Enquirer: 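Structure incoming, see below.
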Protein chains: 2
Amino acid sequence: MNTQTFRNWQRVQEEVLRRIHAREWLPGDLIPNEADLAIEFGCARSTVNRALRSLADSGLLDRRRKAGTRVAAEPVAKATLNIAVIRHEIEEHGARYGYMLIARSLVAPPLHISGAMQTQPMQEMLHVRALHLADETPYAFEERWVNPSVVPDALSEGFEKLSANEWLLKHAPYTHGDIAFSSVQAEPEVAEILDVPPHSALFAIDRLTWDNQASVTKVCLLFAPGYKLRTQI
Amino acid sequence: MNTQTFRNWQRVQEEVLRRIHAREWLPGDLIPNEADLAIEFGCARSTVNRALRSLADSGLLDRRRKAGTRVAAEPVAKATLNIAVIRHEIEEHGARYGYMLIARSLVAPPLHISGAMQTQPMQEMLHVRALHLADETPYAFEERWVNPSVVPDALSEGFEKLSANEWLLKHAPYTHGDIAFSSVQAEPEVAEILDVPPHSALFAIDRLTWDNQASVTKVCLLFAPGYKLRTQI
DNA sequence: AAGTGGTCTAGACCACGCG
DNA sequence: GCGTGGTCTAGACCACTTA
């Protein structure tokens with residue numbers, strides 16, 4: 001029944017992709033329903049369903065009950081970024097990872113931090129500043145706020161050898177988070193830490209994670225010039 | 001059989017998520033196999049399979065035949081970015097979209113372009129430079145190379161009113177692409193176009209798309225300071 | 001060798017949302 | 001109303017990988 005011995009739904013998917021790409025089915029076109037395609041491909045409807053659902057997830061198809069399945073008029077490219085631990089990212093490039101703690105304190109945060117994290121303005125938070133290095137060269141500066149009422153164990157962790165970046169991933173589960181990528185000019189202090197000229201263009205990743213309704217941690221990572229975040233679409 | 005009338009697999013998924021999050025199942029732990037979970041949840045194995053497969057896709061579970069399913073020791077956060085047409089991005093923010101063509105020519109590209117696009121060095125390519133505006137303010141500078149042997153129709157398109165960004169999405173299908181995000185200093189010429197101080201930190205998106213083995217287009221988008229690319233994890 | 005997840009099937013019921 | 005996709009089931013076979 002299969003022309004290959006396995007992954008029949010991928011065969012279906014590839015054939016559908018081929019038809020879209022060969023412009024047999026044009027953007028906006030209604031394609032045959034699942035039952036008809038199942039007959040055509042000689043497989044069960046659920047196999048067709050899996051193939052089409054997967055393509056709809058990637059944005060190439062628009063599916064609506066009763067209205068049927070259409071080729072997306074303007075496919076939205078979806079790029080999936082893997083946000084790994086910085087140590088792994090560096091080691092994957094074949095470089096030697098280094099870590100330096102710059103500061104660690106328990107203080108009341110600035111208002112824009114307590115505001116974003118929705119904590120009481122006077123509540124003390126754990127503040128950690130650290131540097132990640134690749135082959136002894138500054139790679140990324142990390143500035144982080146940790147909510148101690150959600151992660152009390154963090155108070156007894158010095159972050160001297162193990163980065164907060166890595167410690168939190170193992171000890172502080174989160175349910176969801178917001179992430180933003182941007183470009184910023186290096187302030188003099190950060191420029192010195194990263195050993196780059198003042199006002200260099202740095203790649204910034206801002207991340208705020210939540211454990212249900214409570215904020216876990218807010219981090220800003222500033223990457224030295226030359227950093228690129230890559231992926232495929 | 002369902003406690004809600006629909007989406008039973010999501011109930012299973014949420015219960016598994018709850019157990020991971022409540023640390024009933026710790027990172028690295030082996031969880032019960034599909035058949036046992038199906039009995040426990042009173043549903044078919046394929047329902048459990050869908051729930052667990054979906055969690056494995058998001059990086060929270062590691063699944064291997066015979067070895068079973070484990071809670072990921074270090075969940076890799078996967079951020080999905082929707083790379084939309086710039087016009088839509090601006091209009092979604094409630095701003096008025098504007099477009100200005102700066103230059104359009106057919107020339108032999110620099111070597112690093114023909115190299116990346118794997119075209120013959122002397123082969124002429126369509127070169128387009130344009131500006132996207134939000135509420136009359138420069139938003140992003142677009143510099144693009146289009147492979148005319150893959151998209152011949154582009155030669156008869158002036159890109160005076162409709163941006164290449166938008167035109168290509170409708171007229172030039174692609175099978176895959178590479179994308180990179182980085183931070184760059186504005187060169188004087190670009191700074192003037194974007195109306196920002198020289199050496200401003202710009203957010204850059206580099207994209208190279210392919211139609212099977214042939215490169216379709218290579219584009220560099222430079223966003224004015226303040227731009228942020230946001231998503232959820 | 002044996003247990004696990006990956007896939008497929010044939011059939012079923014139903015939520016949704018066009019018309 | 002009714003066609004469509006969304007989901008679920010019970011069962012089956014098999015690829016993979018570890019023990």
Side-chain angles (χ1 to χ4, degrees), chain A residues 1-17 19-20 25-73 75-76, chain B residues 1-17 19-20 25-73 75-76:
Chain A
M1 196 160 300
N2 305 1
T3 59
Q4 333 185 165
T5 46
F6 61 109
R7 283 188 285 204
N8 212 345
W9 69 270
Q10 291 195 341
R11 271 201 320 120
V12 175
Q13 193 183 55
E14 276 164 29
E15 173 59 16
V16 171
L17 274 174
R19 292 186 189 180
I20 293 173
W25 291 339
L26 293 172
D29 275 6
L30 196 60
I31 75 173
N33 68 30
E34 293 187 347
D36 289 346
L37 287 174
I39 293 168
E40 183 188 338
F41 291 127
C43 66
R45 181 167 77 94
S46 49
T47 302
V48 174
N49 180 278
R50 175 146 183 202
L52 297 190
R53 186 159 38 80
S54 159
L55 290 173
D57 286 344
S58 10
L60 265 84
L61 295 177
D62 279 336
R63 320 193 76 201
R64 287 197 329 268
R65 284 160 151 124
K66 166 72 182 175
T69 300
R70 288 176 184 278
V71 179
V76 175
Chain B
M1 197 158 299
N2 306 2
T3 59
Q4 331 185 169
T5 44
F6 61 109
R7 283 188 285 209
N8 213 345
W9 70 270
Q10 290 195 340
R11 272 200 320 118
V12 174
Q13 192 183 56
E14 277 164 29
E15 173 59 15
V16 171
L17 274 174
R19 291 183 190 182
I20 293 173
W25 291 340
L26 294 173
D29 276 6
L30 196 62
I31 76 173
N33 68 31
E34 293 187 346
D36 289 346
L37 287 174
I39 293 168
E40 183 190 336
F41 292 127
C43 66
R45 181 166 79 94
S46 49
T47 303
V48 174
N49 180 279
R50 173 145 184 204
L52 298 189
R53 184 161 38 80
S54 159
L55 289 174
D57 285 346
S58 16
L60 264 83
L61 295 177
D62 279 336
R63 320 193 76 200
R64 279 182 356 251
R65 282 161 154 128
K66 164 74 179 173
T69 299
R70 291 177 183 277
V71 179
V76 175

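Fair warning: this is a prediction, and the values are worked out from it, not measured in the lab. All chains are named by letter (A, B, ...) in the order of the sequence lines, taking the proteins before the strands, and each is independently numbered beginning at 1. Only this structure's heavy atoms are used, side chains among them; waters, hydrogens and symmetry mates stay out.
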Enquirer: When the distance from CG of B/Leu61 to P of C/dG5 is rounded to whole Å, what number comes out?
Expert: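 So the two atoms are 11 Å apart, to the nearest Å.
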Enquirer: With sequence neighbours left out, write down each residue that passes side chain to side chain contact (heavy atoms under 4.5 Å, CB included) with A/Asp29, or none if nothing qualifies.
Expert: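 So A/Asp29 forms a side chain to side chain contact (heavy atoms under 4.5 Å, CB included) with A/Leu26.
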Enquirer: Measure from CD1 on A/Ile39 to P on D/dT4 and round the result to the nearest Å.
Expert: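 So the two atoms are 12 Å apart, to the nearest Å.
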Enquirer: Rounding to an integer number of Å, can you tell me how far B/Arg11 CZ sits from D/dG6 C1'?
Expert: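 In whole Å, D/dG6 C1' lies 16 Å from B/Arg11 CZ.
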Enquirer: Atom CG of B/Leu55 to atom C1' of C/dG5: distance rounded to whole Å?
Expert: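 Result: 15 Å.
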Enquirer: Rounded to whole angstroms, how far apart are CH2 on B/Trp9 and C1' on D/dT9?
Expert: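 It works out to 17 Å between those atoms.
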Enquirer: In a table with atom names and distances, give each donor-acceptor pair under 3.5 Å that connects a side chain of residues 51-62 of chain B to protein atoms at least two apart or in another chain.
Expert:
residue	atom	partner	partner atom	Å
B/Arg53	NE	B/Asn49	OD1	3.3
B/Ser54	OG	B/Gln13	NE2	2.7
B/Ser58	OG	B/Ser54	O	2.8
B/Ser58	OG	B/Leu55	O	3.2

Enquirer: Return the set of residues passing side chain to side chain donor-acceptor pair (under 3.5 Å) with A/Arg19 (not counting sequence neighbours), or none when no residue passes.
Expert: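 A/Arg19 satisfies side chain to side chain donor-acceptor pair (under 3.5 Å) with A/Glu15, A/Glu40 only.
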Enquirer: Grab the CG-C1' distance between B/Leu30 and C/dG5 for me, whole Å please.
Expert: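 Interatomic distance, CG of B/Leu30 to C1' of C/dG5: 12 Å.
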Enquirer: For the pair made of CZ in A/Arg63 and P in C/dC18, what is the distance, rounded to whole Å?
Expert: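 A/Arg63 atom CZ is separated from C/dC18 atom P by 15 Å.
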Enquirer: What distance do A/Asn33 atom CG and A/Arg63 atom CZ have between them, rounded to the nearest 0.5 Å?
Expert: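 Output value for this atom pair is 10.0 Å.
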Enquirer: Identify all side-chain donor-acceptor contacts of residues 41-48 of chain B below 3.5 Å with residues at least two apart in sequence or on another chain.
Expert:
residue	atom	partner	partner atom	Å
B/Arg45	NH1	B/Glu34	OE1	2.5

Enquirer: When the distance from CZ of A/Arg7 to P of C/dG5 is rounded to whole Å, what number comes out?
Expert: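 Whole-Å distance recorded here is 18 Å.
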Enquirer: Could you check which residues of residues 44-54 of chain A get a heavy atom under 4.0 Å from DNA chain D? Sort them by number, please.
Expert: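 Only A/Arg45, A/Asn49 qualify.
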Enquirer: Got a list of protein N/O to nucleotides 2-4 of chain C N/O distances below 3.5 Å?
Expert:
residue	atom	partner	partner atom	Å
C/dT4	OP2	B/Asn33	ND2	3.2
C/dT4	O2	B/Lys66	N	3.3

